[in-house]
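Nothing here was measured: the structure is a model prediction, and the numbers come from that model. Convention: sequence-line order gives letters A, B, ...; per-chain numbering from 1.
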Protein chains: 4
Amino acid sequence: MSPRPDVSAQRIPQILQAAAIVFAQKGMGRTTMSDIADEAKLSKALLYKYFENKENLILALCTSIFSQLSLPDRKEEQLCSVALKEWADNCGREIAAARNYIGLGFELVALVRSDENVRLVIRKAYADYAKALEDVILLGIKNGEFNPGDAAVLARSVIAQFEGLNLIWFVEPEKFSLQKSYGQAMDVMLNGIISAS
Amino acid sequence: MSPRPDVSAQRIPQILQAAAIVFAQKGMGRTTMSDIADEAKLSKALLYKYFENKENLILALCTSIFSQLSLPDRKEEQLCSVALKEWADNCGREIAAARNYIGLGFELVALVRSDENVRLVIRKAYADYAKALEDVILLGIKNGEFNPGDAAVLARSVIAQFEGLNLIWFVEPEKFSLQKSYGQAMDVMLNGIISAS
Amino acid sequence: MSPRPDVSAQRIPQILQAAAIVFAQKGMGRTTMSDIADEAKLSKALLYKYFENKENLILALCTSIFSQLSLPDRKEEQLCSVALKEWADNCGREIAAARNYIGLGFELVALVRSDENVRLVIRKAYADYAKALEDVILLGIKNGEFNPGDAAVLARSVIAQFEGLNLIWFVEPEKFSLQKSYGQAMDVMLNGIISAS
Amino acid sequence: MSPRPDVSAQRIPQILQAAAIVFAQKGMGRTTMSDIADEAKLSKALLYKYFENKENLILALCTSIFSQLSLPDRKEEQLCSVALKEWADNCGREIAAARNYIGLGFELVALVRSDENVRLVIRKAYADYAKALEDVILLGIKNGEFNPGDAAVLARSVIAQFEGLNLIWFVEPEKFSLQKSYGQAMDVMLNGIISAS
DNA sequence: TATGAATGAGGATTCATTCAT
DNA sequence: AATGAATGAATCCTCATTCAT
């Protein structure tokens, strides 16, 4: 509508998207700013209008990726166990679809030790992740759907299971179905905690 | 035989050790061959006597690290459940002790997509890992200690749980005890499969 | 005449002023066109409406600065010695006030070897400078106020003295008063040439 | 004598020499590290073994150049006036020979405002310069060769005169003989201060 | 075996300058 | 007149790798 549409707002996602693609292909270390610029069909110099340097770009990408984790969420009147089951399915499907980017996730996690900003972002993401899951479990305990237990430990266990499945599936994707495994893992946990009525 | 003992044989582990240290500190991408040489107290040129190039060095390190995974192993007359329990404790202790190197492991795993040699090494390591665990479970089933079930799925589930715990503990080591979690995770699995006698 | 006054005429001094400020702060080499645009509160692109390129802008600034040298000038009936004394005081005061820009002057002078246009401008400026001074001295000789002598050499000597004082005062401004030194230098010269009546 | 002569020690002067040459030709700002490497017939990378970055190289060059100022120095039994006269001649000759580098000197001086390290080096150089000259003048006063007076002011005046002559000669070298002017300037000062016997 | 010197190839970053509006 | 977006061409600097000894 405006005579000159603000293309600027589109640039950041455009660049992050391009970065994710080439990072996933070649690894962050071996990817140059030129690679990203080429993939984004922009000039190298323009990248620097939007990101001060490569490190910042990586941080922004990290933030973007780790804020896209889909969190469990119980809809009104829904059984907690159903909510968790649905969520696990969702996650499995999403991750399997984003298979190319799993390795990038590991690279980012590896930065946790040496890069303070990345550390903060990833810690927060996992904390939020655990909190959301824990909340649903606690709710289930409260309304008698689940047996009492340590919700935090359970939540951590589920997250570990999922992350671990991601890793071994990333290494050998042809060996099993990620989505199915997510479902199975969730079933095992639910079997352990659902109250015998 | 030679008057001065062949120092040469010491060099490779010396270099790999140094590489592991600096890689773990700065990340593989940001670590230079000079860094490694300095850490190993050797000249850069000498590194190239032992490793054709950086890639090879990384591959050798990868092989070395992933062949150090401690595998479950049942001693004569030992109950399978006891063997697994002991093994889980061991693993937890070892990984917790090697905390600095966990990130390096993720970086190596991330290479799986772009580096064929690394892929082969890591796949083999995980396959061996899963096989060893599966064997013990199968044995337990055979001798009636465990309920029948899909040993491969169980093994994968345990590995996923452990790897996932590594990841989240790497991110937030102060949040929980890795070793204890390894034990709890193993308990949960065993509870699910041990035959009620 | 035009309803809104032609802002255009204001732009050139505005830009040159801004350039002088940032050049003086950061040095010409380290100053970017963006710096100048920011200081002038104009867009970079607009700079190029008024100056074809950075070199031209520098040349214009050079011309502007070196044409601002205040030249000696005898008013009607005034003694030459008085005219020179007043002029020295003026110069001293002006230069001391423009202390921030002295360094810029040296940078411009340094360009004399590699930039023909700058060379022409600066040569002309010094030639005019010397000529004006020489004229007053010659007048003083002609009307008997000064002893006969080589006016050109005297003029050059005064200029050298002033320029040299600028330099060492620029380096260590807290060591002495520039204005006072200008006065003293002029006195010394006058004492040497004023006729004993 | 040693099997591999330490070529390393030669590199620093070699590089500084090359830098001086290209800096003098093109100006420091427009000279690239490649230019210097080419002039020195060394690889760019090697420059960085000896100088952390361009700024450091410039600082080293600055130090080198400003420590080469030849200072006045009275030999045993020599009249102070003679010592000063000889010194002025020397200076004039040296500077005239180093004409190409005068501009470089001005560029360095211009850095005084924005570069603290350069400032320290140049201040020290001028302070030493002034001190040496002052000492000789003071000696002349003490032994009755010169009239009493403010040695510091005289020294500064001489230095200003010399530096100013450098500047205007740099701008218009064909207009006069630098060496001769140095001599004349020194004569003027001496005539003013030598005691009438 | 061992190493300090040396470098080519490249990568991050900058900046003068132009273009579309 | 005015500008934000955009870029090509550097420029600084790094680093894996090789060479001479």
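- No donor-acceptor pair closer than 3.5 Å links the side chain of D:E107 to the backbone N or O of D:G27.
- Between the side chain of A:E39 and the main chain of A:A19, no donor-acceptor pair closer than 3.5 Å is present.
- Between the side chain of D:S64 and the main chain of D:A60, no donor-acceptor pair closer than 3.5 Å is present.
- For C:E52 and A:R30, each mapped to the nucleotide of DNA chain E holding its nearest heavy atom, the one lying further toward the 5' end belongs to A:R30.
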Could you list the protein-to-nucleotides 7-10 of chain E atom pairs, N/O on both sides, closer than 3.5 Å?
unit_1	atom_1	unit_2	atom_2	d
E:dT7	OP2	D:S43	N	2.9
E:dT7	OP2	D:S43	OG	3.0
E:dG10	O6	D:K44	NZ	3.4

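- Closest approach of B:A18 to B:I36, counting heavy atoms only: CB-O, 3.8 Å.
- If you measure from atom CG of A:D35 to atom P of E:dG11, you get 8 Å, rounded to the nearest angstrom.
- Note on D:Y50: only backbone sugar-phosphate atoms sit closer than 4.0 angstrom, heavy atoms only; bases stay farther off.
- Nucleotide F:dA5 holds its P atom 12 Å from the CD atom of A:Q10, rounded to whole Å.
- Of the possible donor and acceptor atoms, one in the side chain of C:Q14 sits under 3.5 Å from a partner among the backbone N and O of C:A40.
- Side-chain contact between C:F66 and C:V118: absent, with no pair of heavy atoms (C-beta onward) separated by less than 4.5 Å.
- Taking every heavy atom of both residues into account, A:F106 and B:V109 meet most closely at CD1-CG1, 4.1 Å.
- The nearest whole Å value for the distance from the CG atom in B:N56 to the C1' atom in F:dT17 is 13 Å.
- When the C1' atom of F:dC13 is taken as reference, atom NZ of A:K54 falls 15 Å away, rounded to whole Å.
- Counting only residues at least two apart or in different chains, side-chain hydrogen bond (donor to acceptor under 3.5 Å, both in side chains) contacts with residues 40-50 of chain D comprise D:S8-D:Y50.
- What you find for A:K54 and A:G29 is that their closest heavy atoms are NZ-O, 4.0 Å.
- B:R119 places no side-chain N or O within 3.5 Å of a backbone atom of A:V171 that could act as its donor or acceptor partner.
- Using a 4.0 Å cut-off on heavy atoms, none of the residues of residues 105-120 of chain A approach DNA chain F.
- DNA chain E contains the following stems of three or more consecutive Watson-Crick or G-U pairs, with both distances under 3.5 Å: E:2-21 with F:2-21.
- Across residues 11-22 of chain A, A:R11 each have a non-hydrogen atom less than 4.0 Å from an atom of DNA chain F (numbered order).
- Atom CE of B:M28 is separated from atom P of F:dA16 by 12 Å (rounded to the nearest Å).
- Here the P atom of nucleotide E:dC15 and the CG atom of C:L47 are 15 Å apart, to the nearest Å.
- Only one option out of D:D35, D:T32, D:T31 pairs with D:K26 in a side-chain hydrogen bond (donor to acceptor under 3.5 Å, both in side chains); it is D:D35.
- In terms of the salt bridge (Lys or Arg N to Asp or Glu O under 4.0 Å) criterion, B:D115 has no residue partners (sequence neighbours excluded).
- Atom pair D:M33:CE and F:dT14:C1' shows a separation of 12 Å (rounding to whole Å applied).
- The two residues D:F51 and D:L16 come nearest to each other via the heavy atoms CZ-CD2, 3.8 Å.
- The distance between atom OH of D:Y48 and atom C1' of E:dG11, rounded to the nearest whole Å, is 13 Å.
- In this structure, D:N53 and D:M33 approach most closely via the heavy-atom pair C-CE, 4.4 Å.
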